[in-house]
Undergrad: 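Following this message is one structure expressed as structure tokens.
Numbering starts at 1 and runs along the sequence shown.
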Amino acid sequence: MASNRATKSGFAAEAQRKINSKYSEELAAESLEWIKEITGEPISTSGDMENFYEVLKDGVLLCKLVNCIQSGSVKKINESKMAFKCMENITSFLEVAKNMGVPAQETFQSVDLWERQNLNSVVICLQSLGRKAHNYGKPSIGPKEADKNVRNFSEEQLRAGQNIISLQYGSNKGATQSGINFGNTRHM
């Protein structure tokens with residue numbers, strides 16, 4: 001967190017604590033090890049929040065990562081430590097990640113990383129990108145993505161399904177619930 005900020009209190013502090021409680025050191029470490037394997041950069045792969053933040057906060061490593069997965073994805077990586085340059089790196093990474101197939105709901109906002117607001121969402125994004133890496137001939141992490149299982153039915157099969165009466169339609173060979181009473185009857 002930036003040192004020029006007021007400390008959070010009350011509701012904001014509780015909200016931040018809840019967000020931080022979802023952070024998984026194991027998944028963060030797995031993500032950093034995967035980044036190290038793909039980029040070849042000598043980084044610390046410890047999954048604790050402090051290390052995860054320090055390794056990724058300027059966005060340089062993230063840009064190198066997507067460039068290693070798909071060459072030339074990020075044209076210019078800003079090596080400057082100025083805030084807006086670092087945010088530019090992070091934004092460039094996010095755009096490429098979305099283009100590689102990471103769903104929008106699995107990405108994060110630049111401030112989540114730069115201002116250390118939600119490192120869990122950064123881990124989720126890296127895990128999602130890690131699942132997409134095999135599409136580019138790179139090692140992947142996390143569970144294998146499911147393949148599409150498209151089913152095509154003929155008109156004949158669709159018509160046959162319309163003739164079947166499901167038990168959910170209320171017909172069970174004439175059985176009804178008439179005459180079933182539970183408890184006392186209601187007297188009016």
Side-chain angles (χ1 to χ4, degrees), residues 1-70 72-133 136 138-143 145:
M1 216 178 298
S3 58
N4 60 348
R5 294 223 164 175
T7 57
K8 292 180 180 176
S9 61
F11 179 75
E14 178 62 20
Q16 190 62 48
R17 189 192 61 72
K18 265 189 175 171
I19 289 170
N20 290 344
S21 72
K22 294 180 181 175
Y23 178 83
S24 165
E25 286 192 7
E26 294 80 29
L27 290 177
E30 181 183 21
S31 299
L32 289 176
E33 286 168 13
W34 174 71
I35 291 171
K36 184 176 183 177
E37 180 182 354
I38 289 190
T39 62
E41 295 286 324
I43 59 169
S44 168
T45 58
S46 165
D48 70 273
M49 275 183 148
E50 191 60 38
N51 180 63
F52 187 78
Y53 171 70
E54 287 300 321
V55 168
L56 300 177
K57 72 178 177 185
D58 61 4
V60 172
L61 188 61
L62 295 174
C63 290
K64 287 180 180 178
L65 170 67
V66 290
N67 277 346
C68 286
I69 294 173
Q70 189 175 38
S73 299
V74 178
K75 303 288 183 246
K76 183 177 186 311
I77 300 174
N78 299 304
E79 298 288 340
S80 168
K81 299 297 178 202
M82 294 173 68
F84 71 95
K85 292 292 187 185
C86 295
M87 295 278 273
E88 231 174 68
N89 285 342
I90 296 168
T91 303
S92 297
F93 163 78
L94 289 169
E95 286 172 15
V96 173
K98 285 177 192 169
N99 291 340
M100 288 181 167
V102 174
Q105 67 270 18
E106 291 182 357
T107 60
F108 59 94
Q109 295 180 352
S110 299
V111 293
D112 289 341
L113 176 57
W114 177 248
E115 293 182 2
R116 200 177 174 170
Q117 289 182 3
N118 188 350
L119 294 180
N120 184 51
S121 64
V122 179
V123 173
I124 289 169
C125 181
L126 288 171
Q127 289 282 317
S128 183
L129 181 62
R131 288 191 299 273
K132 303 286 183 199
Y136 299 90
K138 300 292 180 189
S140 59
I141 54 173
E145 285 195 313

Undergrad: Side-chain polar contacts of residues 93-101 - donor-acceptor pairs under 3.5 angstrom, sequence neighbours left out - could you list them?
TA:
residue : atom : partner : partner atom : Å
Asn99   : ND2  : Glu95   : O            : 3.4

Undergrad: Between Ser128 and Ile124 (side chain of the first, backbone of the second, donor and acceptor by atom type, cut-off under 3.5 Å), is there such a pair?
TA: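 No; zero donor-acceptor contacts below 3.5 Å.
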Undergrad: Give the intermediate values and the outcome of side-chain contact (heavy atoms from CB on, under 4.5 Å) for residues Val111 and Met87.
TA: CA-CA 8 Å; Val111 293; Met87 295 278 273; 3.7 Å; yes
Undergrad: Rounded at 0.5 Å granularity, tell me how far CZ in Phe108 sits from CG in Asn120.
TA: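 Atom-to-atom, Phe108:CZ and Asn120:CG are 12.0 Å apart.
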Undergrad: Give the minimum heavy-atom separation between Cys68 and Thr39, together with the two atoms involved.
TA: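 For Cys68 versus Thr39, the nearest heavy atoms are SG-CA, 3.9 Å.
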Undergrad: How many angstroms lie between CD in Gln117 and OG in Ser110, if you round to the nearest 0.5 Å?
TA: 11.0 Å
Undergrad: Who pairs with Glu26 by side chain to side chain donor-acceptor pair (under 3.5 Å), at least two apart in sequence or on another chain?
TA: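 Scan of Glu26 (side chain to side chain donor-acceptor pair (under 3.5 Å), adjacent residues dropped) gives Ser24.
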Undergrad: Mind checking the SG-CD spacing from Cys86 to Glu79? Nearest 0.5 Å is all I need.
TA: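 Here the rounded value is 9.5 Å.
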Undergrad: Hey, could you give me the CG/CD1 distance between Leu62 and Ile35, rounded to the nearest 0.5 Å?
TA: 6.0 Å
Undergrad: Any donor-acceptor pair under 3.5 Å linking the side chain of Trp34 with the backbone of Gln127?
TA: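 A pair under 3.5 Å: no.
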Undergrad: Might you confirm whether atom CD of Gln109 has over 12 heavy atoms from other residues, nucleotides or ligands at distances under 6.0 Å?
TA: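 No.
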Undergrad: Is Lys132 paired with Glu106 through a side-chain N to carboxylate O contact shorter than 4.0 Å?
TA: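 Here Glu106 does not pair with Lys132 in a salt bridge, since their nearest N and O are not under 4.0 Å apart.
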Undergrad: Please name the pair of heavy atoms, one in Gly59 and one in Ile90, separated by the smallest distance, quoted to 0.1 Å.
TA: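 Result for this residue pair: CA-CG1, 3.9 Å.
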Undergrad: Should Asn78 and Ser80 be marked as a side chain to side chain donor-acceptor pair (under 3.5 Å) after you check the CA-CA gap, both sets of side-chain angles, and the distance that decides it?
TA: CA-CA 5 Å; Asn78 299 304; Ser80 168; over 6 Å; no
Undergrad: Heavy atoms only: give me the nearest Lys76-Asn89 pair and the separation to one decimal.
TA: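 So the minimum-distance heavy-atom pair works out to O-OD1, 4.4 Å.
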Undergrad: Does any non-hydrogen side-chain atom of Arg116 lie less than 4.5 Å from one of Glu50?
TA: yes
Undergrad: Taking it one step at a time, do Leu129 and Val66 satisfy side-chain contact (heavy atoms from CB on, under 4.5 Å)?
TA: CA-CA 9 Å; Leu129 181 62; Val66 290; 4.0 Å; yes
Undergrad: Which atom names give the shortest non-hydrogen contact between Val74 and Ser92, and what distance separates them?
TA: CG1-CB, 4.0 Å
Undergrad: Hey, which of Asp48, Leu56, Val55 is the one that makes side-chain contact (heavy atoms from CB on, under 4.5 Å) with Phe52?
TA: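 When side-chain contact (heavy atoms from CB on, under 4.5 Å) is applied between Phe52 and each of Asp48, Leu56, Val55, only Leu56 qualifies.
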Undergrad: Taking all heavy atoms of Ser44 and all of Leu32, pick out the closest pair and write down the distance.
TA: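 Heavy atoms of Ser44 and Leu32 come nearest at O-CD1, 3.8 Å.
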Undergrad: Working to the nearest 0.5 Å, report the span between CG of Leu126 and CG of Leu27.
TA: 10.5 Å
Undergrad: Hey, could you give me the CG/OG1 distance between Leu113 and Thr91, rounded to the nearest 0.5 Å?
TA: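 The OG1 atom of Thr91 is 10.5 Å from CG of Leu113, to the nearest 0.5 Å.
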Undergrad: For the pair Asn67 (side chain) and Ser73 (backbone), establish whether a donor and an acceptor sit closer than 3.5 Å, ignoring hydrogens and angles.
TA: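 Side chain of Asn67 to backbone of Ser73, a donor-acceptor pair under 3.5 Å: yes, one is there.
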